[in-house]
There are 2 protein chains.
Amino acid sequence: MTDSMMTIGQMCESYDVTPRTLRFYEAKELIFPTREGQKRLFSKSDRARLKLILQGKRFGFSLEEIRQLLNLYSLGDQQTTQLTKTYELAQERLRDMEEKREELTGAIADLKEQLQWGDTVLADRGVKLAAE
Amino acid sequence: MTDSMMTIGQMCESYDVTPRTLRFYEAKELIFPTREGQKRLFSKSDRARLKLILQGKRFGFSLEEIRQLLNLYSLGDQQTTQLTKTYELAQERLRDMEEKREELTGAIADLKEQLQWGDTVLADRGVKLAAE
DNA sequence: CCTTTGGTTGACGTTAACGTAAACGTTAGG
DNA sequence: CCTAACGTTTACGTTAACGTCAACCAAAGG
């Protein structure tokens, strides 16, 4: 029942990325596809990691930052020291993300206010907007 | 009382950016410092815009995306058509940001869970963590 | 007058994150 | 057997967002 494996083409289809991107991520040790002969096979784990990568990118994290975070999600066997470092790094990232969320909340509020302003200005000029 | 003007050095100090960055942003038409002779002078408006730029960058927006958003915050005189477009673009961005916030919320929850897991693992190994 | 201090304009260098093209292997169908 | 379809490696190209360096100007202080 090794049907959980996917070829590179299927991966590209599923996650809307190019082969180049997947090979690049492998080279950067973000994912670890196995080989069947020459060809790459992507496991469920690879897919989970890819999801996190794409998510991380949306938040403006660099691939290197993401790579470190990813380790947190697969810390079965590591030595305790390494694990502790990873753990602390993740805490930092968490603070990062919570801070970003705060900021984002504020920015959204600001933007909404501006939009309201735009509303009235456009209304004053007699422009009808598409009802949301 | 034109004391609201700041030199490039003061700007760098205040916002922790390099002169190069500010000149670059000017070249990209993100900010519009005036000149006193040769030297750039940054107004309150420039500062507000810079703040938004730096904020936007933290959320992973490109400078080009930011440039377009910035227009929303200074739409005094524009023609109505242009204004409408800007307005709609801003709505899109807003949806973007709210979506990002959602995602971020989820990601934070996930990460917290993982950290809890790390907690117990480390505890099992007898590692004492710095009390938060 | 001379030298800091702070600013200027090019112009080339750099890093991240891929894109793109060349040249090749390997099944599967007609 | 030929040729698509799908995959591979190697290597150079590209874009964004600045960094870095050289050569220069100008006001202010000793």
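Note on naming: letters A, B, ... go to the chains in the order of the sequence lines (proteins, then strands), and numbering restarts at 1 for each one.
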Inter-end axis angle, the helix from C:dC1-D:dG30 to C:dG30-D:dC1, with every axis fitted to five base pairs (rounded, 10 degrees): 20°
Trace of the side chain to side chain contact (heavy atoms under 4.5 Å, CB included) decision for A:I31 with A:I53: CA-CA 9 Å; A:I31 50 182; A:I53 293 168; 4.1 Å; yes
More than 12 heavy atoms from other groups under 6.0 Å of CD on B:E36: no
Among B:R49, B:R67, B:R40, salt bridge (Lys or Arg N to Asp or Glu O under 4.0 Å) partner for B:E26: B:R40
Side chain B:Q68, main chain B:E65, donor-acceptor under 3.5 Å: no
For B:E103, side-chain hydrogen bond (donor to acceptor under 3.5 Å, both in side chains) partners two or more places apart: A:R58
Set of residues satisfying salt bridge (charged side-chain N to carboxylate O under 4.0 Å, His left out) with respect to A:E13, sequence neighbours excluded: none
Residues that B:K112 engages under salt bridge (charged side-chain N to carboxylate O under 4.0 Å, His left out), provided they are two or more places apart: A:E98
Partner residues of A:T18 under the side-chain hydrogen bond (donor to acceptor under 3.5 Å, both in side chains) criterion, sequence neighbours left out: A:T21
Base versus backbone protein contacts along nucleotides 7-20 of chain D [heavy-atom cut-off under 4.0 Å; B, S, -]: SBB-B-----BBBB
Whole-Å gap separating P (C:dG7) and CG (B:L22): 11 Å
